[in-house]
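Residue numbering restarts at 1 for every chain, and letters A, B, ... go by the order of the sequence lines.
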Number of protein chains: 2
Amino acid sequence: VSTEIASIDPRTGAVVEVLAPPAASVAEICEAAQAAVGPLEALGRTGRAALLDALAAALDDARSRIVAVADRETGLGETRLNGELTRTCYQLRLFASVLADGGYLEATVDHAGDTAMGPRPDLRRMLVPIGPVAVFGASNFPLAFSVPGGDTASAIAAGCPVVLKAHPSHPATSQLCFDILSTAAGKAGAPEGTFGIVYGQQAGADLVAHPAIRAVGFTGSQGGARALLEIIERRPDPIPFFGELSSLNPIVVTPAAAADRAARIGADFAVSFTLGAGQFCTKPGLAFVPAGPDGDALVAAAQSAVAEAEPMVMLNEGIAASYTRGTAALGRVLATSSTGSGAAAGGFRGTPTLLTATAADLPREATEECFGPVAVIARYTDETELFTALGKLPNSLTATVQRGPGETELPAELSRRLRPIAGRIVFDGYPTGVAVSWAQHHGGPWPATNTQHTSVGATAIRRFLRPVTWQGAPAELLPAELRDDYTGIPRRVDGRLQTGS
Amino acid sequence: VSTEIASIDPRTGAVVEVLAPPAASVAEICEAAQAAVGPLEALGRTGRAALLDALAAALDDARSRIVAVADRETGLGETRLNGELTRTCYQLRLFASVLADGGYLEATVDHAGDTAMGPRPDLRRMLVPIGPVAVFGASNFPLAFSVPGGDTASAIAAGCPVVLKAHPSHPATSQLCFDILSTAAGKAGAPEGTFGIVYGQQAGADLVAHPAIRAVGFTGSQGGARALLEIIERRPDPIPFFGELSSLNPIVVTPAAAADRAARIGADFAVSFTLGAGQFCTKPGLAFVPAGPDGDALVAAAQSAVAEAEPMVMLNEGIAASYTRGTAALGRVLATSSTGSGAAAGGFRGTPTLLTATAADLPREATEECFGPVAVIARYTDETELFTALGKLPNSLTATVQRGPGETELPAELSRRLRPIAGRIVFDGYPTGVAVSWAQHHGGPWPATNTQHTSVGATAIRRFLRPVTWQGAPAELLPAELRDDYTGIPRRVDGRLQTGS
């Protein structure tokens, strides 16, 4: 096992930096995280809100350095990476307001009393931090689902120390962000061990197996998730694993939508599936488009947009190779409609590709995620054909309906059929671009995720909390939020929700 | 594989009835559950609240028949079984009020607008039913964690059809309750397939593997849970498993508590650990008691209570045999302090047993759950000894502190040390008796459960729901609860919690 951590420029394939591995062992790092549990919780909601704001400010302050290193390592471009960092700072600050609100604690007070079941003791429930969390960085979001990002922000907000597993696609970005976060956390009064970082596959496996780790946040492949789940099942105490894995993200264009704006949908679809070189978990991989002239116009618009696109830099050699294999496999069973222009100029690149199929004869390959700038348009002649094809789709993070102006009948039926297989239903938009907000849900049944929780938005914090109920506790032994005189947060008291003052 | 389903009287060991297996296959039953998904959700919160009330009324109406059959099959006695049925009816009615309240939907509305991240689309989130749920009946709660019970009540409340796996300890009770629930459900307008039932280990395995099943509720052993988790991991789409498994439920008696009421604690402890023949998941299996005269008095009181107890009827032959093995293993490493009196009079019986140990030299066996009327008292000489021993305990559903009048310092320290290993912290009471309420939490880290959710109380419904977000949806395609003009339930709108009218 090499201890070298190589930073590679995907535009050239050259190693541009070799990092020294951390001096501490995985066990030492996990023990430091364990030691930070009490002090991090003791900061309280106010202290941790200040910590989150300080982390956001520190990342903002180092913006140009972070973006430059990340761009060199990922090839994602400065515009995208600036947007990603903005997103992460926004998410950190959103969690500061989630802490200030306090509703996430689900504080509940049932005073002692008589019930139809007999006398009930005084019971008070709220959520507490679950303990140290392992966060696995994703290849495709060096700044939003990696060392900084939604998992880290929600775990710290919950009061859980975080041990990061750096993704091998961007070790220098990971190390830089880790240093910035650690320094800022120390200045904000967070305990040592609030952040830890490990590198390499073996360290990741050791991390998930370590007794101090109480939950895992993961964004990656189904294969990677299955491997980690096996390690978890072998633990004497299996722990929660929150994996965001794989997603096809189907789009359905109704006949009325195609009649209304075929060219625009075709062009926008091409933008959506090639954005970030198609390396988004929400990339739309399959679009159902009506047969006939309107659908033809839509396809033509998508074709010409794709034909103008040059080969795109991909995150690493493995992803580029897997993309080449995947598009070749699709090409063997489907008609290739359009491919990007120009020769690949070194490094790891993928040629944008659009393929076509019929809904009536949709091969299995077209219903599987292929990571990268490729999509399939499946033409349908009627609703029966469309609905039958929808019945063959895997579960996804998202499903999208493009409808005609004011159209509701077919969209309602599509909504009914798509809800069981998706975590977010998008109307007249595109699934890429996952807004961070209170109402966001970024999840879905397997293989989209393996959890009923989200990894984006305010409720992502629920993953890293567990309920505790105090029975018959004297006031002075209760957390402040559960005492009778506390009014600062939403609480349910004797069955009635109170908003707090 | 025998298709016979035998109802055995544990007081005699005799087979008293042989039931016919269901005519339908597991697959047919699961498909019927799948077909019920849409119609059950379509009943709406009001319709399902009425359904829950109707189920409670039907169980209440058949109370004497149910209790008689259950008593013959379990030997738990009419008082206990009446209480258990009352509890289940109460839980069904509590969920009717949870539905009326509507806060469980976590309805959240974020209107479109500008943010620091750029423009945000309209996003609206709420929880929806997860789909058909498999519920595994528990041996020890024929009426509260089996065909009727918390899992069934919370799944139906959520809008999920339930396929029950009857526990082999009480097939006749299971069949009777199933018939009552099915008939009442039909009369209340619920679709066919709302309830299904299967018998036998192979049927249970087939049930968990069936594609229509979207979640599993389980109360049973660690071994049983591991076996079902393996089946789930082999599914192409692993599903959530909510298991309540094993719990030691430690009690700590402070020196001040022992000084205040040694005899009462000793006697109450003996009642708690022998209640229901010690066949509770919340049975206190280990109590830490101070060395010295006060502690001696406590032990003496427990000893004499145990010495007066006769051998107790246990649920089935396997549990009785396992109990005999478990107490023998404890007896090999610990001093037996007291055992019940009188000879076992046929059937499956266990002799109440109290053993003593020292906290300084606590063997592993004393920290493992032994199902049945047995407990260990471990004596400690000082806080260091006590805290060291607490550090060796497994996670539990509960942890209990008996403190002196007004005592806070040591209880606070104990609370801090016990919270990480328990889901409920009980002060000056006993863990047996799990009240059904909004603030109850019946859970805890592995091996207590494998989930961050509860199986008792209002929030048990969260297990059988998953979030969906609608993006840019026209009002007429949204669920009523997410439309702008809806005010009947608590909602978070643009970040602000509203209690609803």
For the residue pair A/A116 and B/Y90, what are the closest heavy atoms and their distance? CB-CD1, 3.7 Å
What residue, out of A/Q440, A/H453, A/R419, A/Q222, has the most heavy-atom pairs lying under 4.5 Å from chain B? A/R419
Which atoms of A/R496 come close to chain B, meaning under 4.5 Å heavy atom to heavy atom: side chain ones, backbone ones, both, or neither? neither
Part of A/D237 within contact of chain B (heavy atom distance under 4.5 Å): both
Applying a strict 4.5 Å limit to non-hydrogen atoms, the region of B/E476 in contact with chain A is side chain
Chain A shares the most heavy-atom pairs under 4.5 Å, among B/Q91, B/R214, B/R424, with B/R424
So for B/T459, is it side chain, backbone, both, or neither that comes closer than 4.5 Å to the heavy atoms of chain A? side chain
Side chain from CB out, backbone as N, CA, C, O: work out which of these in A/P240 comes under 4.5 Å of a heavy atom of chain B, or both, or neither. side chain
Hey, is the main chain of B/A439 close enough, under 3.5 Å, to the side chain of A/T469 for a donor-acceptor pair? yes
Please flag which part of B/R416 lies under 4.5 Å from any non-hydrogen atom of chain A: side chain, backbone, both or neither. neither
What residue, out of A/P474, A/S415, A/G500, A/P447, has the most heavy-atom pairs lying under 4.5 Å from chain B? A/P474
How long is the straight-line distance from CD of A/E233 back to CD1 of B/I232, given to the nearest 0.5 Å? 9.0 Å
Less than 4.5 Å to any heavy atom of chain A: does that hold for the side chain of B/P467, its backbone, both, or neither? both
Structural part of B/T408 lying under 4.5 Å from a heavy atom of chain A: both
Between B/R87, B/R463, B/R226, B/R120, which has the largest tally of heavy atom pairs under 4.5 Å with chain A? B/R226
Determine the minimum heavy-atom distance between B/R125 and A/W438, stating which atoms define it. CD-O, 4.3 Å
Which one wins on heavy-atom pair count under 4.5 Å against chain A: B/G83, B/P394, B/P420, B/G118? B/P420
Heavy atoms only, distances under 4.5 angstrom: which of B/P238, B/G429, B/G423 has the most pairs with chain A? Name it, please. B/P238
Smallest heavy-atom separation, B/A435 atom then A/M117 atom, equals CA-CE, 4.4 Å
Contact class of B/R235 relative to chain A, heavy atoms under 4.5 angstrom: backbone
In terms of heavy-atom pairs under 4.5 Å with chain B, the winner among A/T86, A/D101, A/V109 is A/D101
Chain A contact via B/P236 - which portion, at a heavy-atom distance below 4.5 Å: backbone
With a 4.5 angstrom heavy-atom cut-off, is it the side chain or the backbone of B/V436 that approaches chain A, or both, or neither? both
B/Q452 and A/L465: which non-hydrogen atoms are nearest, and at how many Å? NE2-O, 2.9 Å
Below 4.5 Å from any heavy atom of chain A, which atoms of B/E41 appear? Answer side chain, backbone, both or neither. side chain
Out of A/T454, A/T115, A/V98, which one racks up the most heavy-atom pairs below 4.5 Å with chain B? A/T115
One option among B/V401, B/I239, B/N450, B/V128 has the most heavy-atom pairs under 4.5 Å with chain A, and it is B/V128
Considering all heavy atoms, the nearest A/A422-B/R466 contact: O-NH1, 3.0 Å
What part of A/R403 is in contact with chain B, defined as an atom under 4.5 angstrom from a non-hydrogen atom: side chain, backbone, both or neither? side chain
Between CG on residue A/L229 and CG on residue B/L229, distance to nearest 0.5 Å: 10.5 Å
Side chain from CB out, backbone as N, CA, C, O: work out which of these in B/D122 comes under 4.5 Å of a heavy atom of chain A, or both, or neither. neither
Between CZ of B/R124 and CD1 of A/I425, what distance do you get to the nearest 0.5 Å? 14.0 Å
Residue pair B/S437 / A/D110: nearest heavy atoms and the distance that separates them: OG-OD2, 2.6 Å
Min side-chain heavy-atom separation B/T398-A/Q471 under 4.5 Å: no
Do A/R462 and B/E106 meet the salt-bridge criterion of a basic N to acidic O distance under 4.0 Å? no
